[in-house]
Engineer: 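Can you keep this structure in mind? I'll have questions shortly.
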Amino acid sequence: MGNTRHRIESRKPSSFVNSVLLYITTSKYEGDWQSILHSHPFSELFYVVSGGGFFIAEGQEFPVGTNDLVIINPHVQHTEKSLQTAPLEYIVLGIDGLAFSFENIVPAQDALSMETASGSVYKCNMQNSKVYAYLNIMLEEITRKEENYEAVCQNLLEVLLICMLRNESLSIVKSSSGTLSRECVQIQNYLDAHYAENITLDTLVALTHMNKYYMVHAFTKYTGLSPINYLLQKRIQEGKALLESTACSIAQVSAMLGFSSQSYFSQAFKKATGKTPAAYRNERKAASHLP
């Protein structure tokens, strides 16, 4: 019986220990949407499955096609345009905790390295790599959501990054969402000032230009509440003040706080305080007359 053992000669610590896979999305241009310039406080990998078009970063434009991988560092304004004759189909990964360095790279003939005012973008063709295979496995895992699928996707991310580094001699640097607190404060200040208005997650996305999923994740981590729950809490706090200090009816208070109906206000208020608005007002009024 033949038997060959290959010994692992050294165990190097992972360079990606702080990287976190935030999301994986698939998109195909069908003429019913138009991407707009946006940025993220984390890195993105943009892999073209098929079709062709153009990638735009900080006002500079370059072509992309099948098997092209575009690496977008944090805070770079970017978007893409599809050819009508060959619609873009692509996969995007959002990765927190790392950024890429292209300083020592001489781009190959089919590659492009570009410095922008706020960061870096790099394009390379991954036709001869296994990147697409790993991405497909990640998509299968995240779609089926079997036990420990998150760990599988996170580990596949590390394999994918190693594959990229082998092929392109890229280097990875640590990255922290340093401006994240600023963006969360911006959201918080906006909710505090505009709580009486009709605010949705799309409102906050337009305000910050952040990915919706990541915005909710970041704000929840920053405040302990999701944006919608923070808005609701703010409205309840203001509602308490109005019930104590004004003679406005419950319906008027509800409208002043931006609730869609009086019944919704009453339901939310009771859930938060254990009392109906009327009971809360009567209780506070009685307490104020105590000697």
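Only this structure's heavy atoms are used, side chains among them; waters, hydrogens and symmetry mates stay out.
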Engineer: Is it the case that atom NZ in K145 sees more than 12 heavy atoms from other parts of the structure closer than 6.0 Å?
Structural biologist: yes

Engineer: What do the steps show when you test I95 against F42 for side-chain contact (heavy atoms from CB on, under 4.5 Å), and what is the final call?
Structural biologist: CA-CA 6 Å; I95 310 169; F42 50 86; over 6 Å; no

Engineer: Tell me which one of K270, K275, E244 satisfies side-chain hydrogen bond (donor to acceptor under 3.5 Å, both in side chains) with Y280.
Structural biologist: E244

Engineer: Is there a side-chain contact between P227 and L201, using heavy atoms and a 4.5 Å cut-off?
Structural biologist: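 P227 vs L201: side chains touch.
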
Engineer: Decide yes or no on side-chain contact (heavy atoms from CB on, under 4.5 Å) for L69 and Y132, but give the supporting numbers first.
Structural biologist: CA-CA 10 Å; L69 177 70; Y132 187 41; over 6 Å; no

Engineer: Check whether L88 and L83 end up in the same hydrophobic cluster, where Ile, Leu, Val, Met, Phe, Trp and Tyr are linked by side-chain heavy atoms less than 4.5 Å apart.
Structural biologist: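 Unlinked, L88 and L83 end up in two clusters.
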
Engineer: On a heavy-atom basis, which atom in M256 and which in A196 lie closest, and how many Å separate them?
Structural biologist: O-CB, 3.2 Å

Engineer: Identify whether F54 and V49 are in the same connected component of the hydrophobic contact network (ILVMFWY, side-chain heavy atoms under 4.5 Å).
Structural biologist: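 Each belongs to a different hydrophobic cluster.
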
Engineer: Going by heavy atoms in the side chains, are S19 and Q154 under 4.5 Å from each other?
Structural biologist: yes

Engineer: So which atom in A251 and which in Q262 form the shortest heavy-atom distance, rounded to 0.1 Å?
Structural biologist: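 In this case the closest contact between A251 and Q262 is CB-OE1, 3.2 Å.
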
Engineer: Can you tell me how far CG of L257 sits from CZ of F269, rounded to the nearest 0.5 angstrom?
Structural biologist: 9.5 Å

Engineer: Looking at A268 and L232, what are the two nearest heavy atoms and their distance?
Structural biologist: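 Heavy atoms of A268 and L232 come nearest at CB-CD1, 3.9 Å.
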
Engineer: Could you pull out the closest heavy-atom pair between A272 and I236, with the gap in Å?
Structural biologist: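 In this case the closest contact between A272 and I236 is CB-CG2, 4.1 Å.
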
Engineer: Tell me if a side-chain donor or acceptor on S254 pairs with a main-chain N or O of S261 at a distance below 3.5 Å.
Structural biologist: yes

Engineer: Y122 and F100: aromatic ring centres closer than 6.0 Å?
Structural biologist: no

Engineer: Roughly how far apart are N73 CG and H78 NE2, rounded to 0.5 Å?
Structural biologist: 11.0 Å

Engineer: Is it true that the side chains of E140 and Y149 contain a donor and an acceptor less than 3.5 Å apart?
Structural biologist: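 Note: E140 and Y149 side chains miss the donor-acceptor criterion.
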
Engineer: For L22 and E44: C-alpha separation, side-chain torsions, deciding distance, then whether side-chain contact (heavy atoms from CB on, under 4.5 Å) applies.
Structural biologist: CA-CA 10 Å; L22 299 174; E44 273 195 335; over 6 Å; no

Engineer: I need the minimum non-hydrogen distance between I250 and A278, along with the two atoms involved.
Structural biologist: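 Closest approach of I250 to A278, heavy atoms only: CD1-N, 4.1 Å.
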
Engineer: Testing the 3.5 Å rule here: is there a donor-acceptor pair between the side chains of Y90 and E80?
Structural biologist: yes

Engineer: To the closest 0.5 Å, what do you measure between CE (M138) and CG (L93)?
Structural biologist: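 So the gap between those two atoms works out to 5.0 Å.
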
Engineer: What's the spacing between D68 CG and M126 CE if we round to 0.5 Å?
Structural biologist: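 Interatomic distance, D68 CG to M126 CE, rounded to 0.5 Å: 10.5 Å.
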
Engineer: With salt bridge (charged side-chain N to carboxylate O under 4.0 Å, His left out) as the test, pick out the partner of E238 among K234, K240, R235.
Structural biologist: K234

Engineer: Below 4.5 Å, heavy atoms only, C-beta onward: do V131 and L160 meet side chain to side chain?
Structural biologist: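 They are in side-chain contact.
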
Engineer: Would you say the side chain of Y190 lies within less than 4.5 Å of the side chain of E197, judging by non-hydrogen atoms?
Structural biologist: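 Yes - at least one pair of side-chain heavy atoms lies under 4.5 Å apart.
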
Engineer: Roughly how far, to the nearest 0.5 Å, is the CD atom of E89 from the OG1 atom of T26?
Structural biologist: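 It is 7.5 Å, given to the nearest 0.5 Å.
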
Engineer: Treating K123 as the side-chain partner and P63 as the backbone partner, does any N or O pair qualify as donor plus acceptor under 3.5 Å?
Structural biologist: yes

Engineer: Strictly by modelled atom types, are S266 and S263 linked by a side-chain donor-acceptor pair under 3.5 Å?
Structural biologist: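 Distance-only check fails for S266 and S263.
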
Engineer: Is there a side-chain contact between V64 and Y47 (heavy atoms, below 4.5 Å)?
Structural biologist: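 Not in contact.
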
Engineer: Could you tell me which non-hydrogen atom of V121 sits nearest to which non-hydrogen atom of A57, and how far apart they are?
Structural biologist: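 The pair with the smallest heavy-atom distance is CG2-CB, 3.8 Å.
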
Engineer: For N189, I'd like to know if atom CG has over 12 heavy atoms of other residues, nucleotides or ligands within 6.0 Å.
Structural biologist: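 It does: N189 CG has more than 12 such atoms within range.
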
Engineer: Nearest 0.5 Å please: distance from the CG atom of L135 over to the CG atom of L45.
Structural biologist: 8.0 Å

Engineer: Under 4.5 Å between any side-chain heavy atoms of L243 and R284, yes or no?
Structural biologist: no

Engineer: When you look at L21 and L156, which way does the side-chain contact (heavy atoms from CB on, under 4.5 Å) test go after all the steps?
Structural biologist: CA-CA 10 Å; L21 179 65; L156 281 169; over 6 Å; no

Engineer: Hey, does L191 have a side-chain heavy atom less than 4.5 Å from the side chain of L204?
Structural biologist: yes

Engineer: State whether the side chain of N282 and the backbone N or O of A279 hold a donor-acceptor pair below 3.5 Å, judged by distance alone.
Structural biologist: no

Engineer: Is the shortest heavy-atom distance from the side chain of L231 to the side chain of Y195 under 4.5 Å?
Structural biologist: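 L231 reaches Y195 side chain to side chain.
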
